[in-house]
4 protein chains.
Amino acid sequence: MNKRSGEESKRNIIAAAIQVFADYGYDNASMRMIAQAAGVSVGTLYLHFKNKDDLYLTITKEWIDDLNELTNRALDRIDDPRTAITVFITISIDYTREHREMILLQGRKFGRCLGLEQKQQFFRKRRQLLTDIVQRGVTEGVFRSDDPAETARIIFNVLRGFIFSMLIDEEALFRAEACVDLVLNGLRRRNNG
Amino acid sequence: MNKRSGEESKRNIIAAAIQVFADYGYDNASMRMIAQAAGVSVGTLYLHFKNKDDLYLTITKEWIDDLNELTNRALDRIDDPRTAITVFITISIDYTREHREMILLQGRKFGRCLGLEQKQQFFRKRRQLLTDIVQRGVTEGVFRSDDPAETARIIFNVLRGFIFSMLIDEEALFRAEACVDLVLNGLRRRNNG
Amino acid sequence: MNKRSGEESKRNIIAAAIQVFADYGYDNASMRMIAQAAGVSVGTLYLHFKNKDDLYLTITKEWIDDLNELTNRALDRIDDPRTAITVFITISIDYTREHREMILLQGRKFGRCLGLEQKQQFFRKRRQLLTDIVQRGVTEGVFRSDDPAETARIIFNVLRGFIFSMLIDEEALFRAEACVDLVLNGLRRRNNG
Amino acid sequence: MNKRSGEESKRNIIAAAIQVFADYGYDNASMRMIAQAAGVSVGTLYLHFKNKDDLYLTITKEWIDDLNELTNRALDRIDDPRTAITVFITISIDYTREHREMILLQGRKFGRCLGLEQKQQFFRKRRQLLTDIVQRGVTEGVFRSDDPAETARIIFNVLRGFIFSMLIDEEALFRAEACVDLVLNGLRRRNNG
DNA sequence: TATGAATGAGAATTCATTCAT
DNA sequence: GATGAATGAATTCTCATTCAT
């Protein structure tokens with residue numbers, strides 16, 4: 001019985017769970033696998049988390065907070081819409097590359113999606129951020145867009161596609177710069193357009 | 001019980017399985033549910049399919065063939081790269097909207113993804129199609145792209161993102177035209193570019 | 001795999017479950033024990049019953065129906081209140097002696113008592129029967145009772161006590177006739193009373 | 001943590017355990033719940049009691065002693081058998097009403113009933129008390145009974161029924177006086193009997 | 001072909017008990 | 001004395017798969 005502090009043990013379990021969930025998906029990851037990966041007994045899992053859902057939600061909540069903060073900090077002092085788009089896309093792609101496990105955030109549990117409310121709010125917030133940037137660009141006359149929200153959704157979906165490609169289809173991954181280039185060009189206002 | 005020819009029964013099972021898989025996901029769809037939806041006994045499922053994986057793979061194979069044919073037919077006589085891009089994106093979005101179940105194609109069984117080889121080949125083929133179109137556009141001087149394959153991957157990922165949005169986040173869906181507009185503008189060669 | 005008809009198998013499981021529940025109580029009887037006693041696998045239990053509660057409730061429902069019918073038939077043509085009391089007590093005691101397992105009917109699951117509604121209705125019906133008999137006796141001038149319902153409850157509780165004694169304290173069991181004697185004497189109207 | 005003397009802590013745990021056992025039953029009461037209710041850690045429970053059974057037995061022993069003393073004191077100077085019966089029944093009913101938890105005394109752990117020997121002795125003693133009273137009444141010519149022990153068992157079972165009704169079926173409860181009335185009338189010797 | 005009863009392995013979860021601190 | 005993290009065995013329940021009919 002290797003005694004640790006409660007918090008230490010909890011972090012340890014979370015780290016293990018992230019790996020296992022990411023490797024096998026929510027459904028195929030069993031509590032036994034997670035326990036094994038964390039080097040603890042199954043019972044210990046339930047000492048720190050009410051159940052499998054709770055463990056999963058704790059993890060996703062961390063990511064959401066993490067990404068929110070990272071994004072906010074990065075966009076904090078950026079006024080130029082072109083730079084803002086560049087930063088948003090680059091951060092998203094980089095973060096996804098570094099945290100392949102983040103796919104879990106997108107995780108669907110078909111019937112009832114686990115923590116759906118929380119996630120949708122997060123997605124909504126990110127799309128709003130993009131919408132604001134595009135809108136600003138339009139106002140400033142550097143972007144062209146009939147419908148900034150629609151444009152934001154499209155950009156958002158490239159990034160969502162990237163997340164899944166990370167997991168199921170690495171050949172489909174692209175460089176952030178290439179994406180920025182295409183998008184900025186697509187948004188660009190032109191005289192003879 | 002209603003005697004049917006073997007083939008008829010098989011079609012019937014596949015139709016039911018598509019629905020159930022699409023509604024609940026591979027893991028949460030049980031053979032019992034599929035049997036019930038098809039109005040046959042569990043044993044009958046195994047008469048036509050070796051096992052659950054086999055049933056799933058049969059379905060995905062059908063889709064791949066279906067989509068391949070649909071796409072090929074649509075692009076058959078189109079020479080203009082701009083029209084080709086427009087058609088490819090529109091077909092993909094429309095098909096996804098009509099066949100929400102197609103998400104299954106992206107289906108990940110994390111550890112070992114079921115039928116991965118087959119799917120990856122399909123994805124590769126679609127990206128190649130896009131690459132060819134972009135390449136042609138560049139050659140003809142209407143598109144601008146440093147790396148057509150990279151550009152193709154980006155477009156491919158918007159569409160992949162759309163598929164997942166269909167399932168987990170309907171608010172994120174966008175119109176095909178808006179996407180075409182952004183992409184074509186992004187690809188457009190410009191004098192002062 | 002010993003194939004039986006569905007109904008045959010179900011009866012077999014019920015018989016085993018009655019024994020196991022009676023011997024160990026609801027909580028201490030495990031599905032594994034019941035399966036073993038029935039000579040089937042655990043999975044088979046769930047083929048016939050939705051869950052443990054369902055199995056338990058099926059059993060209690062049978063008893064309730066059984067006892068109701070038995071009692072109704074016995075009291076059908078009896079007009080004399082003294083005979084009716086005698087029959088009611090005798091039947092109850094005899095049935096309990098023969099079906100020691102019937103204790104399950106009383107079964108408490110503390111927080112939420114399983115099938116409480118159903119049982120309470122059954123108990124209520126039996127008390128009502130007793131109340132009617134006593135009331136009749138009073139009306140006919142052979143019984144004496146300030147409050148027939150209260151009297152009925154007391155008699156009802158002797159019988160309930162008997163059921164528990166069957167299980168936990170056989171030394172406390174008594175003969176039906178002795179009980180009838182005491183009760184009838186207690187109910188008897190007297191001139192100098 | 002609040003340092004207490006060992007004995008004080010023990011009393012505290014017992015009080016909490018009584019509540020929890022009474023609310024949830026032996027099986028459904030967990031050591032964690034008891035610890036929580038007592039405001040101590042799980043480990044502390046095992047400092048004072050060898051295990052769950054030990055804790056339970058300690059409690060039942062207390063009750064047995066408590067009830068024995070209460071009953072003895074009440075019957076101490078009562079000579080009249082009629083009064084004695086009245087007192088015994090009234091005390092039993094009242095005590096049960098006030099200590100709903102006392103149901104635990106009847107507690108069955110089916111297979112091997114916890115502390116069975118101890119309890120049976122207690123029940124035996126109480127029945128003996130009743131038997132003595134009835135016997136005395138018969139000797140003095142105020143009661144009529146072929147078999148005082150049998151009569152005692154019947155009275156004992158009304159009271160046992162009452163205890164269970166307290167828990168599972170409050171509608172079945174009755175007033176002590178009504179019971180005394182029926183029993184005394186039932187015991188009464190009559191001229192024309 | 002078709003059925004559906006039966007299986008057994010494995011899933012999530014609970015809990016009495018132990019023991020390092 | 002007191003704590004509470006850790007354990008492991010047991011519990012309920014699910015499900016892909018098999019096979020006698």
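All chains are named by letter (A, B, ...) in the order of the sequence lines, taking the proteins before the strands, and each is independently numbered beginning at 1.
For the pair D27(D) CG and dA10(F) P, the computed distance is 16 Å after rounding to whole Å. dT14(F) atom P lies 15 Å from atom OH of Y24(B), rounded to whole Å. For the pair N28(C) CG and dT11(F) C1', the computed distance is 12 Å after rounding to whole Å. Taking atom CG of D54(D) as the reference point, atom P of dT18(E) lies 12 Å away to the nearest angstrom. Rounded to an integer number of Å, the gap from CG of L47(D) to P of dA20(E) is 15 Å. Per the geometry, CD1 belonging to I34(D) stands 11 Å off P belonging to dC15(E), to the nearest Å. The separation between Y26(B) atom OH and dC15(F) atom P is 13 Å, rounded to whole Å. If you take CG of N51(D) and P of dC15(E), they are 17 Å apart, rounded to a whole angstrom.
I14(B) and E62(B) get closest at one heavy-atom pair: CD1-OE2, 3.8 Å.
Among the candidates D65(B), L67(B), I59(B), the single residue satisfying the side chain to side chain contact (heavy atoms under 4.5 Å, CB included) test with W63(B) is I59(B).
Minimum atom distance to the side chain of T44(B) is reached by dT3(E), of the listed dT7(F), dG1(F), dT3(E). Checked against dT14(E), dA6(F), dT17(E), the side chain of Y46(A) finds its nearest nucleotide in dT14(E). Picking from dA2(E), dA6(E), dA16(E) the nucleotide with the shortest atom distance to the side chain of S9(C) gives dA6(E).
Residue-level contact check: A29(B) touches the backbone only, with heavy atoms under 4.0 Å from sugar-phosphate atoms and none from bases. Residue S30(B) is in sugar-phosphate contact alone, with no base atom involved, counting any heavy-atom pair closer than 4.0 Å across all strands shown.
For H48(B) and dA2(E), the shortest distance from a side-chain N or O to OP1 or OP2 is below 4.0 Å.
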**Complete:** Per-residue pairing states of DNA chain E in dot-bracket (Watson-Crick or G-U under 3.5 Å; . unpaired, | other strand) read .||||||||||||||||||||
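With 3.5 Å as the limit, one finds a donor-acceptor pair spanning the side chains of Y26(B) and D53(B).
With hydrogens and angles ignored, the 3.5 Å screen pairs no side-chain donor or acceptor of Q36(C) with any backbone N or O of V42(C).
Across the interface with DNA chain F, nearest-nucleotide mapping of V42(B) and V42(D) shows V42(D) to be the residue nearer the 5′ end. The residue among M31(B) and S41(A) whose nearest nucleotide of DNA chain F lies closer to the 5′ end is S41(A). Toward the 5′ end of DNA chain E lies the nearest nucleotide of L45(C), the other residue of the pair R32(A) and L45(C) mapping further downstream.
Using a 4.0 Å cut-off between charged nitrogen and carboxylate oxygen, K52(D) and D27(D) do not count as a salt-bridge pair.
Annotation: cation-pi geometry not satisfied between K61(B) and F122(B) (NZ/CZ under 6.0 angstrom from ring centroid, within 45° of ring axis).
Using cut-offs of 30° and 60° for the angle between ring planes, the F21(A) and Y56(A) rings count as perpendicular.
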